[in-house]
Every structure is written in structure tokens, then in C-alpha cells.
Protein chains: 2
Amino acid sequence: MPANTGAEARIKLNRERVLTTAIRLADENGIERLTMRKLGEELGVEAMSLYNHVANKTDLLNGMIDTVFEEVELPSHSDSWKTALRKRSLSLREMLKRHTWANGLMDSAATPGAATLRHHDRVIGTFRNAGFSLAMTAHALAVLDSYVYGFAKQDQALPFDTEEEAAAMGQVFLAHLLPDQYPYLHEFTTGHVLQPGYSFGKEFVPGLDLVLDALEQERDAEVKVTGEARAG
Amino acid sequence: MPANTGAEARIKLNRERVLTTAIRLADENGIERLTMRKLGEELGVEAMSLYNHVANKTDLLNGMIDTVFEEVELPSHSDSWKTALRKRSLSLREMLKRHTWANGLMDSAATPGAATLRHHDRVIGTFRNAGFSLAMTAHALAVLDSYVYGFAKQDQALPFDTEEEAAAMGQVFLAHLLPDQYPYLHEFTTGHVLQPGYSFGKEFVPGLDLVLDALEQERDAEVKVTGEARAG
DNA sequence: TCGTCAGACTTACAGTGTAAACTTACGTTG
DNA sequence: CAACGTAAGTTTACACTGTAAGTCTGACGA
């Protein structure tokens, strides 16, 4: 006779449930508040039970990263390389906005998971199929991803989210410090950042297009030099 | 008569000594190993004594960030905006290489210090004096710094530093995983990353020039539209 | 000589990740 | 059905973290 008579069978723990719950907690409370004990509690389980499904906390974090990478739209084969990578970059940025902790975690996460590898494979493939040489692909990849991750990082570093918060922040900031010690910063803040409608995030698309256009120019130049056919 | 007869007077603690020692420890052992107790020990002092000079650990980290920012070359007035910002970007990257922990810390460090403010003031001033509008300055700033910080971040995320390490790493990596599951990644790794002379860091300058050239093009276009004089 | 006080030290506490040992429930096998 | 192995949970314990609160010390001014 089982001991837990009448008790509803507890939902079984598994790696996926651990990971998705961890992601939710990190989204809600920030990664620094995600502890093994809190995560266990949320799952109705003691902290140590989690170690049946993750090797240690770093493994948990790695798993979280790979899981959120699955949310990123892969570059489509049917689009041109530029729109394909434009879409996936926008999608990547949205993911990084949803999971603000992910960007900071990717340094320490040395070993990429399956979703991450697939993602990179497809991005590289997109460049290659568009006629980018290996060297040019490396170059393009470095520039594009540096921009996307760097932008996300800067966006998160800003201590305000809404326009109103920015305004309030800016007022305090200005009153305290700048007037003539930092004249350009002063002008920039009052004349631009504090203007209605400002949002750092709006700079993402223009910057992305700048990068993509520049890469296209370089590729065309390379193709021309290499002597490949060029429609015209 | 003093009790510590004959004892060499202990060098007095002060904020600067605390900060520079903390920076050295973080450089040597990584930021995650920098604890108040270790820092105290290094300074010949108990952990709690540090709190006479820093408000708490976050204040310590903020102070470290602002201190290393002083190492970054400010854009020079005598150079053209492009070379001025090129130099400061290279200098910024070198700083981020020396202090690998700095990049990751800048998210949490909400309140910028004096050196950081001065830095941004000068960068903004460089754009403004080169005829960039406020909006264009915001755009340029976002793109340029996203690139620099993003590149540094990616460089640090790579789990190898030297070419030999990369090769060793790549071999294991390839043997284990890729062959036909990730064909493009496979080709890219064997055909480029594992080639002699490869180093991710070498992509920095080409990418930086791509960004700067593209910004120059956009500025010229803007100036033309605005109807300002253009030397010809 | 005393009082003041800054800057150091001591102690203590709640919280962290996780090793090691345990308990329990269930499926397989004799 | 009994015995056992195993997977998945719990309990306990430990070393280490940041830091609050209280104490000690030595130099200096009155």
C-alpha cells in the first residue's frame, strides 16, 4: 500500500520544468535573486532535489540560455540574406529584452547548447549562401552580433524604462551635476534625451540598417574584385 | 608612549588604495573571486575596515569602473572627428581587454562617476563639433558604442585566448559534435577559425572602420540635405 | 590629563551553493 | 509475494558571502 494515500500525485520534476521555471523567476525578479532554494520552493521541492536534473548552478544557467535561444527566429531561406538577418536580429533583440539576464550570462556560459549551435550554423549559412567568403563571413558576423548584443547591453544599462522615468531621472541628474562642467552632455540631455518621444530603443533599427547596408556594400566590392558575375 | 613601538607605521588606507588594489585583484583572479575579505587581506586589514572608505560592495564596484575609465584616451580636439573617435575606441577596447570584468559590471553600475561623465561629454562634443545634429549624434553614439562594447563582450565570451588554445578547443569541439548536424559551423571552424593566424580580435579594427565610414556617409548625406556648405 | 573621534578590529547573522548521507516509492525479477 | 535496485526526493552540514552592530586603539586638541 502506498504511503501517500489520497495525496494527489506530485507533478514530476524534469529538466525542462526546472529550466522554464528558472527562466520565469529570473524574468520576474532578476537573475541575482534566482537561488536554488527559491527555485526549489517555486517548484514545491527542496533545493537539493534540483540537482537530480541539473549538474550545478552553472549548468542551470547554461540550460536557461540555450532554452531562450530557441525563441529566436532563425534566418529564413526564402528571404534575401539581408532581410533574413534583419528579421533574426530584431527577433534576437526582442528575446534579449524579454530576458534581460541572458545577455550578461553569455560570457560565463562557455559551452553553447544545441539551440545556440543551430542558431549560429544558420546565420553563418545565410552569409555563405549569399556569396560571402569565409573571411568576409567572419567579419560580418563579428560586426553584426557585436552591434546587436552591444545595443541590448547599453539599453539595459540605462536606469529607466519609460519616457516618464527618463524625464524624472534626467531632471535630477541635470540639477545635480552638469550645467557647465559637462556642457555637451547637458545640451544632449536637455535638447534630445528629455524631449518628448525619446527612447534609446528606437535607435536599434536605424543602427541595424546601417550595419547591414555597410556589409552589403563591402560584399559587393569583394564580389566585384573577385570577378564574379554581377547582374546589371 | 605609543603601543606600537618600533612597528613601522602601517600605510594608511584610503579610497584610492582600496580601489586600485581591488582592480588589480579583479584583473588577476577575476571579479567573482574579489571578496571583501580577500581585498582586506591584500591590504593588510580586516574586511570591515574597508567600509570606512566605500559605502558597500556596489559602491566599490562603481568606483572601480570609474577608475578604469580614466585610462581611456579622450577624443582629441586636434584630430578629425573620425580619427579622434577611432583612437578613443581603440583605447576603450584596450581598457576593456585589460579589465575584462569592467564590461560586465557596467550594467549594474547605474550611477556613472566623474571620469565616465567626462568621457561621454567629450565624445558627444566630438560629434557635435563635427556638425552632427543632436539626433544624428544620438544615432552615431548608439551605433559606435554598441559595437565597441559588444565586440569586447564577444571576445571575452570566447573560451580561448591564444591561437593554440583555439586550435585545441576547436578539435575537441569538432570531433564531438558537428560533422553534418551543423555543416556551416563545421566549414567555418575548420576552414577559418582553425587556420593559422586566426584571432577574433583582429576583426575589431575592420569592424570599427566599417562603422565609422558608414557614419561619415550618413553625416555627409545629412549635411547635404540640410543645405550646409560642402567643400568640393 | 582628559575627551573626542576616525579608523581599525571582533563578533554575529542571514543567506549562498552544494557534498554526503538518508529516506521513500516504484518497477523488475526470483 | 518478497526482495532488491534505482531514481528522485529530503535532511543535515559546511565553507563562504556581504555587512550590521559593537568594541578597541591611538593620535590630537584643549
Side-chain angles (χ1 to χ4, degrees), chain A residues 1-23 25-26 28-65 101 104-105 108-111, chain B residues 1-23 25-26 28-65 101 104-105 108-111:
Chain A
M1 206 160 298
N4 66 343
T5 9
E8 66 286 50
R10 184 162 35 205
I11 313 163
K12 261 210 145 190
L13 219 54
N14 56 43
R15 190 166 221 266
E16 194 194 330
R17 236 160 64 76
V18 170
L19 290 181
T20 57
T21 307
I23 289 170
L25 284 187
E28 289 171 3
N29 314 324
I31 192 77
E32 72 286 346
R33 278 193 170 69
L34 176 70
T35 72
M36 299 305 272
R37 285 173 174 81
K38 287 246 185 67
L39 178 53
E41 192 180 348
E42 189 78 12
L43 286 160
V45 130
E46 295 301 314
M48 290 311 290
S49 304
L50 302 170
Y51 286 88
N52 288 312
H53 303 97
V54 296
N56 46 44
K57 189 159 188 190
T58 341
D59 181 41
L60 171 74
L61 299 175
N62 281 350
M64 290 169 67
I65 295 249
W101 43 269
L105 236 60
S108 36
T111 41
Chain B
M1 206 159 295
N4 64 344
T5 10
E8 64 285 52
R10 182 161 38 203
I11 312 163
K12 260 210 145 188
L13 220 52
N14 56 40
R15 189 166 222 267
E16 194 195 329
R17 236 160 64 78
V18 170
L19 290 181
T20 56
T21 307
I23 289 170
L25 283 186
E28 289 171 2
N29 314 324
I31 193 77
E32 71 286 345
R33 277 190 168 73
L34 176 70
T35 73
M36 299 304 272
R37 285 174 175 81
K38 287 245 184 68
L39 177 53
E41 193 180 348
E42 188 78 12
L43 287 158
V45 131
E46 295 301 312
M48 291 310 289
S49 304
L50 302 170
Y51 287 88
N52 289 310
H53 303 97
V54 296
N56 46 44
K57 188 157 189 192
T58 346
D59 180 41
L60 172 73
L61 299 176
N62 282 348
M64 290 168 68
I65 294 251
W101 44 269
L105 236 58
S108 37
T111 42

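Convention: sequence-line order gives letters A, B, ...; per-chain numbering from 1. Side chains are part of it too, since the values below use all heavy atoms of this structure and drop only hydrogens, waters and symmetry mates.
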Measure [atom1]/[X] against [atom2]/[N] and give the value in whole Å, please.
X: A/K57; N: C/dA19; atom1: NZ; atom2: P; result: 14 Å
X: A/K38; N: C/dG17; atom1: NZ; atom2: C1'; result: 14 Å
X: A/E41; N: D/dG9; atom1: CD; atom2: P; result: 16 Å
X: B/R15; N: C/dA8; atom1: CZ; atom2: P; result: 14 Å
X: A/L50; N: C/dT16; atom1: CG; atom2: P; result: 13 Å
X: A/M36; N: C/dT16; atom1: CE; atom2: P; result: 12 Å
X: B/L43; N: C/dC9; atom1: CG; atom2: C1'; result: 15 Å
X: B/R17; N: C/dA8; atom1: CZ; atom2: C1'; result: 13 Å

Rounding to 0.5 Å, atoms CE (B/M64) and CH2 (B/W101) come to a distance of 4.0 Å
Among [options], the nucleotide that comes nearest once only the side chain of [X] is considered:
X: B/M48; options: C/dA8, D/dA20, D/dT10; result: D/dA20
X: B/Y51; options: D/dT17, D/dT19, D/dG9; result: D/dT19
X: B/E46; options: C/dG17, C/dC9, C/dA8; result: C/dC9

- Item | Under 4.0 angstrom between B/H53 side-chain N/O and C/dA6 OP1 or OP2 |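 Indeed not, no polar side-chain atom of B/H53 lies that close.
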*asked:* Less than 4.0 angstrom between a side-chain N/O of A/T35 and OP1 or OP2 of C/dT16, yes or no?
replied: yes
Of B/R33 and A/R37, the one whose closest nucleotide on DNA chain D sits nearer the 5' end is A/R37
Base D/dA7 to side chain A/N52, donor-acceptor N/O within 3.5 Å cut-off: no
Is a side-chain donor or acceptor of [X] paired with a backbone partner of [Y] at a separation under 3.5 angstrom?
X: B/N29; Y: B/A26; value: no
X: A/T21; Y: A/R17; value: yes
X: B/R15; Y: B/H53; value: yes

Might you work through the side chain to side chain contact (heavy atoms under 4.5 Å, CB included) test for A/L39 and A/L60, ending with a clear yes or no?
-> CA-CA 11 Å; A/L39 178 53; A/L60 171 74; 3.9 Å; yes
